[in-house]
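Worksheet: the structure to be examined is printed underneath.
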Protein chains: 2
Amino acid sequence: MGRRTPHATLQMIADETGVTPSTVSRVLNSASEASARRWASAETINRIRAAAASHGYTPNPQAVGLRTQRSRLIGVIVPRLQDYVLATIYEGIDEAATEKGFATFVTNSLDDPQKRARATETLLSRRVEGMIFGDAQFDGEFLQGVAERGMKFVLVSRRARDFPSVTCDDHLGGRLVGEHLVSIGRRDVAILAGEPYASTGLDRTRGAIDALREAGVDVPPHRVVHGRFDAQGGREAAERILDSRPLPDAIFAANDFAAIGVMGALRDRKLSIPDDVALVGYNDTALAAELPTPLTTVRSPMHEIGRRGLEMLLDLLQGAEVEPLRLPPTLVVRESTVSAEASRSTGTDGSGPSV
Amino acid sequence: MGRRTPHATLQMIADETGVTPSTVSRVLNSASEASARRWASAETINRIRAAAASHGYTPNPQAVGLRTQRSRLIGVIVPRLQDYVLATIYEGIDEAATEKGFATFVTNSLDDPQKRARATETLLSRRVEGMIFGDAQFDGEFLQGVAERGMKFVLVSRRARDFPSVTCDDHLGGRLVGEHLVSIGRRDVAILAGEPYASTGLDRTRGAIDALREAGVDVPPHRVVHGRFDAQGGREAAERILDSRPLPDAIFAANDFAAIGVMGALRDRKLSIPDDVALVGYNDTALAAELPTPLTTVRSPMHEIGRRGLEMLLDLLQGAEVEPLRLPPTLVVRESTVSAEASRSTGTDGSGPSV
DNA sequence: CTGAAAGCGCTTACAG
DNA sequence: CTGAAAGCGCTTACAG
């Protein structure tokens, strides 16, 4: 069996300093010098700290957890970590968790109900204090069950019912896209709306439709197609759109990777971007600006969503009441909707953010 | 404070069944019916199991860990989870870990020595039994220190010194690219080699150079440029290459995302792929096949690298001797090196794998 | 102010 | 075969 790295214990520090473990614990757990002085003389405090430091003492989290009934562990479930958006959100979660002294476990659910349920059980059995779901289904049925079991959780990326959540204001993001497309004269917009159970795509779609309608542009139901938020899903959905006539003059793919798939489908059909079809994505992924045709997209604060999600969960664990949080997106105009020449003449640089 | 989800304890099951916790523990920890019979009568066993099931009993891992001195926790450090390649490798690690009853913690190091050191300490303080590094620097100095402290670890993706590792056979992958470029008549190849401290890019570059040299094609030093393995890094590196004359007739970007950046740089200069410049990536990322110009690339078994890495670590923890493992890559030819017309005439479908 | 003691939830040598 | 007891490493009410 793997020999353990020798970790110092409170007892060792106590023996070395000639005090009891109680005192060592109290001193080491004191936030300030002042509060430490309630437990020991200045000199003892120094000796204890020196001994702890020399051993690289660090309290055993299993022992602390067992004693205090707090694991300082958070469980995170995402559809898939391979997805840049969710990976970024998770980075935010983990960063904030580490700062607050928590550790996280992440797993994929692949949006599969069975896997989601199993993953949740595994996390509960690990005694997480709370959970963060990035894979909420819009109906919220599964989550209802989790709530009824008394487990606290926060949703990120996708919202559902009135459960605590931190999302991008996707409806607003959709509006920004609709307004932009109208402003560049597009009148026939097709939308790749993502999976029908994810609020992200649904809200973005609704926002775009609302903005377009207000400008007198109607989006008939057959212009809205569902599919996965990845390149392959985007290509397939685009092909369905492009197989029918007339062709739209703009496509809003509610996800950057789906938009890349659309690019492929357009190229196959020798359609040019943006002259034949303007293309807009969502999320302002690192790739968007670097694509052969730089992609107009909506920047969503992914990292921030993760951070805030973790913070909201900690508030919840402390018994606070929390409100769903919608963080504002910004439109980033690039050459997939406004050609380089046109953008030069209008003063847009084609890469910076602009509302 | 967040009220805990009530978890059943051994004591509760014992009370309910009229036996001692010792017996419950022994029965529940028996692998088979037969071995359970050593501790209790068939009827008692059934009663114990029924009680445990009805409470959804699951042993408290902190208590088990404290008692057995085994946390069943593994620490994983990657350069960045946002990177599709590392995210996929991590998915493999976590999948295998879950199967074996282990849980994992992941963190980013961003290839920053300070962050890496800090993350390692945090993981050690969480009492992980072993670690997996996906961010090894080629010199292996940091890792040497970790090894000297008695912590067992395995490297994935990148190798360093003779430390246990699971990687793609990157030298072979590079060779496949070199041979392919020669076979389609390219004689002036530029290479985006990635960061100079990562074995991945170094080995791929060396492999390509070796294959090209054997075919009589020399790659002078100025044709090898270093940079980050992402779209922006690829674009910047490509610009350095394309600013000098003569232009190369092929570019091997040792990473798919870097290759996407190269595509952008080529388009800016109105250079066509593959006619002016053939382009090859590495990893066969989900995007590669769906790009406007489908990308010729080398498929590496990312998920498998993760799985095998975890398995190797468990072997190590059991005291086994292990050998570094190199998993074989395959070349996938697409239109970025062989145009659709050409591939039609040669029978290549432009998307399936082929050596 | 500080020490001795209890106890978190387990597993497992030790008795009987 | 099975129970009682010890003990993993902590924290913290309880005494003094």
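All chains are named by letter (A, B, ...) in the order of the sequence lines, taking the proteins before the strands, and each is independently numbered beginning at 1. Not measured: the values here are computed from a predicted model.
Atom-to-atom, CG of Leu66(B) to P of dC8(C) comes out at 13 Å; the value is rounded to the nearest Å. The separation between Leu10(A) atom CG and dC10(D) atom P is 4 Å, rounded to whole Å. Protein atom CZ of Arg70(A) is 11 Å distant from nucleotide atom P of dT12(D), rounded to whole Å. If you measure from atom CG of Asn29(A) to atom P of dG9(D), you get 17 Å, rounded to the nearest angstrom. Rounded to whole angstrom, the span from the CD1 atom of Ile48(A) across to the P atom of dC10(D) amounts to 14 Å. Remark: P of dC10(D) and CE of Met12(A) are 10 Å apart, rounded to the nearest angstrom. Here the C1' atom of nucleotide dC8(D) and the CG atom of Asn60(B) are 13 Å apart, to the nearest Å. One interatomic measurement links the two molecules: CG of Leu28(B) to P of dC10(C), which rounds to 10 Å at whole-angstrom precision.
Judged by distance alone, with hydrogens and angles left aside, Arg127(A) brings no side-chain donor or acceptor close enough to the base of dG9(C) to form a pair under 3.5 Å. Side-chain atoms of Ser22(B) come within donor-acceptor range of the base of dA4(D), with a qualifying N/O pair under 3.5 Å.
As the counterpart of dA13(C), no nucleotide is assigned, since no Watson-Crick or G-U wobble pattern has both distances under 3.5 Å. Checking dA4(D) for Watson-Crick or G-U wobble geometry (two distances, each under 3.5 Å) identifies no partner in any strand.
Each of Met151(A), Lys152(A), Arg72(A) was evaluated against Glu129(A); a single residue qualifies, Arg72(A), per the side chain to side chain contact (heavy atoms under 4.5 Å, CB included) test.
Under the 6.0 Å cut-off for aromatic ring centres, Tyr84(A) and Tyr84(B) do not qualify, their centroids lying 6.0 Å or more apart. Phe153(A) has its ring centre less than 6.0 Å from the ring centre of Phe133(A).
Within the 4.0 Å cut-off from OP1 or OP2 of dG7(C), not a single side-chain nitrogen or oxygen of Gln69(A) is found. In terms of phosphate contacts, Thr23(A) brings a side-chain nitrogen or oxygen within less than 4.0 Å of OP1 or OP2 of dG3(C). Considering only side-chain N and O atoms, Tyr57(B) lies nowhere under 4.0 angstrom from the phosphate OP1 or OP2 of dG9(C). Of the side-chain N and O atoms in Gln11(B), none sit less than 4.0 angstrom from OP1 or OP2 of dC8(C).
Contacts of Ala14(A) with the nucleic acid, taken as non-hydrogen atoms under 4.0 Å apart, are absent.
Across dA4(D), dC10(C), dA4(C), the shortest atom-to-atom separation from the side chain of Arg26(A) is found for dA4(C).
Counting heavy-atom neighbours within 6.0 Å of Glu141(B) CD, excluding the residue itself, gives a total of 12 or less.
If Thr20(B) and Thr58(A) are placed on DNA chain D by their nearest nucleotide, the residue sitting closer to the 5' end is Thr20(B).
Ion pairing between Glu195(A) and Arg158(A) fails under the 4.0 Å rule for side-chain N and carboxylate O.
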